[in-house]
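What follows is a short report on a single structure.
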Amino acid sequence: MRSNCYHKEGHQAPCRYEANIYMVLFGVVQIVMSFIPDLHNMAWVSVVAALMSFTYSFIGLGLGISTVIKNGRIMGSITGVQKAKVADKIWLIFQALGDISFSYPYSIILLEIQDTLESPPPENQTMKKASMVAIFITTFFYLCCGCFGYAAFGDATPGNLLTGFGFFEPYWLIDIANVCIIIHLVGGYQIYSQPIYSTADRWFTKKYPNSGFVNNFHKVKLPLLPSFEINLFRFCFRTSYVISTTGFAILFPYFNSVLGLLGAINFWPLAIYFPVEMYFVQKKVGAWTRKWIVLRIFSFACFLVTMVGFVGSFEGIISEKIRGKG
């Protein structure tokens with residue numbers, strides 16, 4: 001809607017639309033998608049989300065390159081965004097660390113995905129190869145989109161090149177990219193929520209093995225739809241989860257700051273601390289050996305990154321909330 005408005009009314013037009021209704025609609029879609037039982041049944045969702053991700057990434061990269069060529073020079077500077085106050089610059093650096101921490105969040109679902117793989121070859125070997133390929137491709141797109149986006153707009157670079165409207169034309173291509181983002185987020189939300197769903201299912205099943213509410217499935221037949229089975233606990237828990245996250249999104253609709261906060265919370269414990277500790281146990285690494293010291297230093301350095309990313313992103317949320325009220 002904003003893209004078409006800018007195209008018709010001009011790039012300086014006050015194209016503002018109420019976002020809450022669309023967040024609620026997104027939440028309703030997620031409640032329906034939450035009926036998918038588990039990650040084993042979500043292969044098609046993952047494939048569609050990945051295709052959408054590739055599509056809008058190529059569009060963003062292409063528009064970034066074309067804008068740099070049109071400008072005839074590289075915008076911005078090697079020192080980044082110019083800020084009058086040193087404190088503002090530091091806060092932005094901290095927030096950027098949080099955003100970078102969120103760049104590789106697949107550690108949350110790595111074991112869940114590995115559990116869906118067939119063997120032979122062993123699941124961990126397949127996952128290792130897939131992880132290397134995924135990290136390489138993801139890093140390529142992150143660096144290219146980030147660098148060409150900053151080269152295209154300099155200090156005026158929006159937090160999100162497509163939905164933040166760094167680009168306006170061709171508007172139909174921006175529309176396609178944003179549709180791809182929506183579809184990708186629908187699938188991505190479900191993929192990253194599945195570990196939470198499955199953990200809750202296992203915990204409550206173990207805690208209440210004789211509860212019909214937790215363990216029984218009921219067949220439901222709706223008009224024009226094939227019959228399906230529903231578990232009342234799953235329905236209530238997953239619906240409550242989606243409603244709570246939707247409410248949080250409405251309360252704090254700040255894209256980069258929220259992503260940075262989530263990235264900081266997940267980064268050190270899930271991507272660094274637990275893998276390092278498991279490596280120590282698996283390889284029987286002795287205390288105060290060279291490898292032990294290096295990995296401990298690495299873990300502590302990443303812990304500091306998590307802390308400054310968390311503080312910077314939290315400050316960003318509070319600042320934007322205060323400015324929003326003002």
Side-chain angles (χ1 to χ4, degrees), residues 18-57 60 98-116 134 138 141-142 145 159-164 176-202 228 230-231 233-267 270-271 313 317:
E18 177 59 46
N20 290 349
I21 182 63
Y22 300 104
M23 294 186 191
V24 171
L25 289 174
F26 185 85
V28 171
V29 171
Q30 294 302 338
I31 290 175
V32 175
M33 293 284 288
S34 294
F35 280 95
I36 299 174
D38 51 42
L39 208 59
H40 292 268
N41 302 100
M42 298 192 71
W44 65 274
V45 176
S46 181
V47 170
V48 171
L51 290 174
M52 296 299 102
S53 180
F54 274 112
T55 301
Y56 72 71
S57 295
D99 289 336
I100 294 170
S101 299
F102 189 77
S103 299
Y104 300 92
Y106 76 99
S107 57
I108 302 171
I109 58 171
L110 187 145
L111 295 179
E112 296 283 344
I113 294 175
Q114 184 171 305
D115 190 45
T116 67
T138 303
F141 278 106
Y142 281 156
C145 291
N160 187 311
L161 288 175
L162 294 168
T163 61
I176 292 174
N178 281 312
V179 168
C180 290
I181 289 175
I182 293 170
I183 298 174
H184 176 225
L185 290 178
V186 168
Y189 182 101
Q190 284 300 315
I191 294 294
Y192 286 105
S193 296
Q194 279 299 325
I196 298 173
Y197 295 161
S198 60
T199 300
D201 292 345
R202 288 194 297 266
F228 59 94
I230 186 172
N231 175 274
F233 166 74
R234 287 186 179 183
F235 174 77
C236 293
F237 176 82
R238 298 181 183 194
T239 300
S240 300
Y241 174 83
V242 173
I243 291 173
S244 65
T245 55
T246 304
F248 185 86
I250 293 173
L251 191 61
F252 300 102
Y254 314 124
F255 182 77
N256 282 71
S257 297
V258 171
L259 285 190
L261 187 68
L262 295 175
I265 291 172
N266 294 325
F267 175 62
L270 296 179
S313 299
I317 291 175

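Note that the coordinates shown come from a computational prediction; the quantities given were computed from them, not determined experimentally.
One distance of note links OG1 of Thr239 with CD of Gln30; it measures 11.5 Å at 0.5 Å rounding. In this structure, Tyr56 OH and Asn178 CG are separated by 10.5 Å, a value rounded to the nearest 0.5 Å. A distance of 12.5 Å separates CG in Leu185 from CD1 in Ile191, rounded to the nearest 0.5 Å. Atoms CZ and OG, from Phe141 and Ser53 in turn, are 8.0 Å apart once rounded to the nearest 0.5 Å. Taking CZ of Phe237 as the start and CG of Asp201 as the end, the distance is 8.0 Å to the nearest 0.5 Å. Rounded to the nearest 0.5 Å, atoms OG (Ser46) and CD (Gln190) are 12.5 Å apart.
Minimum interatomic distance between Gly187 and Ala49 (heavy atoms only, all atoms of both residues): CA-CB, 4.4 Å. Heavy-atom minimum distance, Tyr197 versus Ser34: OH-OG, 3.1 Å. Contact between Ser57 and Cys145 at its shortest, heavy atoms only, is O-SG, 3.7 Å.
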Take Val24 and Ile250 through the side chain to side chain contact (heavy atoms under 4.5 Å, CB included) test and state the conclusion after the steps. CA-CA 8 Å; Val24 171; Ile250 293 173; 4.0 Å; yes
Met23 and Phe248: side chain to side chain contact (heavy atoms under 4.5 Å, CB included), yes or no, with the steps? CA-CA 10 Å; Met23 294 186 191; Phe248 185 86; over 6 Å; no
Applying side chain to side chain contact (heavy atoms under 4.5 Å, CB included), run through Ile230 and Phe35 and close with a yes or a no. CA-CA 8 Å; Ile230 186 172; Phe35 280 95; 3.5 Å; yes
Carefully, step by step, assess Arg238 and Ile31 under the rule side chain to side chain contact (heavy atoms under 4.5 Å, CB included). CA-CA 7 Å; Arg238 298 181 183 194; Ile31 290 175; over 6 Å; no
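Evaluation of the side chain to side chain donor-acceptor pair (under 3.5 Å) rule for Ser244 yields no partner, not counting sequence neighbours. For the side chain to side chain contact (heavy atoms under 4.5 Å, CB included) test, residues two or more places apart in sequence or in another chain that qualify with Val45 are Met33, Ile36, Met42. Evaluation of the side chain to side chain donor-acceptor pair (under 3.5 Å) rule for Thr245 yields Tyr189 as partners, not counting sequence neighbours.
In this structure, Phe54 places its CZ atom where only 12 or fewer heavy-atom neighbours from other residues, nucleotides or ligands lie under 6.0 Å away.
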